[in-house]
Amino acid sequence: MGESTAASKATLETQEELDAAIAQFLGALSDVEEGTASARVKLEYSDAEPLRQLADRVNAVLGSLHAMRAETLSYQKSLEEQISTIEKQRAAIRELSTPIIEVWQGVLCVPIVGILDSSRASDMSTALLTAVVEKKVVFTIIDITGIDAMDTSATDHFLRMARAVKLLGAECVLSGVNPNVARTIVHMGIDLAGVQTHRTLREALQSHVQASREEPSASGNEEQATVSQ
Amino acid sequence: MSTRTLNEVEREDIRRRVTAGLAALADFEAGDYSAQLSVDLHNRHPLGAVFARINELIATFGAEHEQGQVFRLELETKLQMVEKQRAAIRELSTPII
């Protein structure tokens, strides 16, 4: 039986066998360079042959390389999936984080929940200013009930937003200022002059409704005063 | 092709070279991806070409291992970000005004 003879051969004896063994190594190893990590060195000698021991070790490395490539590919695939998920979630967050609700005719409410960073503040400003123009808004309430803490940069964002709204001819107030946020604002010495604040959204809305009820009579009185002059 | 029988000196030389190669491979298996088998360029022994290829294999393994680690770390960061975003979405999805 030729096969069993070759398999049972203890060690390589001739130059021809050595050349054949080296060709086996070089063949398998050049396959790796081409990206085929499934290649293996096949030597039909017993464990006593040093080159067989070397072949076993090389085959173990090739096996590990094959497994590692599969693992890397799986990481890469998962990474691509996660990047796609992150993009989708980022879009969802952008949409969710700038809800602009028309609570009354010409009155917008912007409830803010979570952390306000520069990117979110910028998105929010754009969405708010667009809505102010499109809906012919006269009064805007930025509600920060959902914000536990506020730093200088967040306060600065609100002030800029309020000024931009005012430039478009609408009024802008801040509601939902909790004691923690109030303490921070005072502690940081931030001047909120020019921006009206209210404890709750309800109070801000009430204040506007009351002011708009008084306005027609006030303008009526002005008309009357003009006529009487 | 020669059918010449290898003499004892040649066999001993092969044994010695392979033993050194196995030691370097053991270092590699222990995590030293900079391990290299000694390639004697002055003596053009046929095993020199094999060892040079094994060294290339080790270098490939090391580079791909590093790339895999970069992907793994990046994946961990992205997974953390996905979780943070999920938490933010949960929070943002339930505003009670």
Side-chain angles (χ1 to χ4, degrees), chain A residues 11-22 24-26 28-30 32-33 37 41 49-51 53-54 57-58 60-62 64-65 68-69 71-76 78-79 81-83 85-86 88-90 92-93 95-97 99 101 103 109 111-115 143 145-146 201, chain B residues 1-6 10-11 14-19 21-22 24-26 28-29 37 45-58 60-61 64-65 67-82 84-97:
Chain A
T11 55
L12 54 84
E13 305 285 338
T14 65
Q15 183 68 46
E16 185 183 8
E17 287 170 345
L18 175 63
D19 291 342
I22 284 168
Q24 260 293 323
F25 273 102
L26 294 178
L29 290 166
S30 63
V32 177
E33 273 179 30
V41 184
E49 169 53 50
L51 281 177
Q53 293 168 26
L54 184 66
R57 283 284 174 85
V58 169
V61 177
L62 289 171
S64 301
L65 180 64
M68 192 179 65
R69 278 182 176 165
E71 199 179 45
T72 302
L73 203 66
S74 134
Y75 284 148
Q76 198 176 355
S78 300
L79 193 59
E81 283 170 6
Q82 296 309 319
I83 288 170
T85 305
I86 286 169
K88 281 181 196 161
Q89 291 192 159
R90 192 169 284 162
I93 289 171
E95 210 171 303
L96 285 168
S97 64
I101 310 155
V103 286
C109 175
I112 297 165
V113 182
I115 296 158
D143 185 65
T145 311
L201 173 64
Chain B
M1 199 179 269
S2 168
T3 52
R4 184 179 62 83
T5 305
L6 297 167
E10 287 170 322
R11 284 190 194 200
I14 292 172
R15 201 172 296 119
R16 187 180 53 79
R17 286 170 190 270
V18 170
T19 304
L22 288 174
L25 277 173
F28 162 76
E29 281 168 6
L37 280 71
H45 193 280
L47 272 178
V50 174
F51 282 12
R53 281 289 168 87
I54 293 175
N55 284 340
E56 284 169 19
L57 171 66
I58 291 174
T60 303
F61 194 101
E64 293 198 17
H65 179 264
Q67 179 67 65
Q69 291 304 302
V70 170
F71 280 144
R72 191 179 61 80
L73 287 173
E74 211 174 323
L75 181 61
E76 279 174 16
T77 312
K78 298 288 181 213
L79 284 169
Q80 282 173 2
M81 189 183 275
V82 165
K84 275 186 191 168
Q85 284 186 329
R86 272 192 194 141
I89 289 172
R90 259 196 307 274
E91 202 179 321
L92 289 168
S93 306
T94 51
I96 299 168
I97 306 161

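The chains referred to below are lettered A, B, ... by the order of the sequence lines, with proteins before strands, and numbering in each begins at 1.
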Could you look at [X] and say if it's the side chain, the backbone, both or neither that has a heavy atom under 4.5 Å from chain A?
X: B:Glu74; answer: both
X: B:Glu29; answer: side chain
X: B:Leu47; answer: both
X: B:Ala52; answer: neither
X: B:Leu57; answer: side chain
X: B:Arg11; answer: side chain

Restricting to non-hydrogen atoms, name the atom on [X] and the atom on [Y] that form the minimum distance, rounded to 0.1 Å.
X: B:Lys78; Y: A:Ile86; result: CD-CD1, 3.4 Å
X: A:Ala92; Y: B:Ile89; result: CB-CD1, 4.1 Å
X: B:Val18; Y: A:Pro50; result: CG1-O, 3.2 Å
X: B:Leu25; Y: A:Arg57; result: CD1-CB, 3.7 Å

With sequence neighbours excluded, tell me which residues meet ring pair (Phe, Tyr, Trp, His ring centres under 6.0 Å) with A:Tyr75.
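A:Tyr75 satisfies ring pair (Phe, Tyr, Trp, His ring centres under 6.0 Å) with no other residue.
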With respect to chain B, which residue among A:Leu73, A:Leu26, A:Thr85, A:Ile83 yields the maximal number of heavy-atom pairs within a distance under 4.5 Å?
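Winner by heavy-atom pair count: A:Leu26.
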Specify which of A:Leu12, A:Val58, A:Leu29 makes the most heavy-atom pairs with chain B at under 4.5 Å.
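Most heavy-atom pairs under 4.5 Å with chain B: A:Leu29.
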Would you mind checking which part of A:Ser64 comes under 4.5 Å of any heavy atom in chain B, side chain (CB onward), backbone (N, CA, C, O), both or neither?
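Its backbone and side chain both get close to chain B.
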With a 4.5 angstrom heavy-atom cut-off, is it the side chain or the backbone of A:Gln89 that approaches chain B, or both, or neither?
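The answer is both parts of A:Gln89.
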Does any part of the side chain of [Y], heavy atoms only, come nearer than 4.5 Å to the side chain of [X], both counted from C-beta?
X: A:Thr72; Y: B:Glu64; answer: no
X: A:Arg90; Y: B:Met81; answer: yes
X: B:Leu6; Y: A:Gln15; answer: yes
X: A:Leu18; Y: B:Glu10; answer: no
X: A:Met68; Y: B:Phe61; answer: yes
X: A:Val61; Y: B:Ile54; answer: no

Could you state the interatomic distance from [atom1] ([X]) to [atom2] ([Y]), rounded to the nearest 0.5 Å?
X: A:Glu49; Y: B:Arg15; atom1: CD; atom2: CZ; answer: 8.5 Å
X: B:Arg17; Y: A:Leu51; atom1: CZ; atom2: CG; answer: 11.5 Å
X: B:Leu73; Y: A:Leu79; atom1: CG; atom2: CG; answer: 11.0 Å

So, using side-chain hydrogen bond (donor to acceptor under 3.5 Å, both in side chains) as the criterion, who are the partners of A:Thr145 when residues are at least two apart?
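A:Thr145 satisfies side-chain hydrogen bond (donor to acceptor under 3.5 Å, both in side chains) with A:Asp143 once adjacent residues are dropped.
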Would you confirm whether A:Gln82, through its side chain, and B:Leu75, through its main-chain N or O, come within 3.5 Å as a donor-acceptor pair?
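Answer holds: no.
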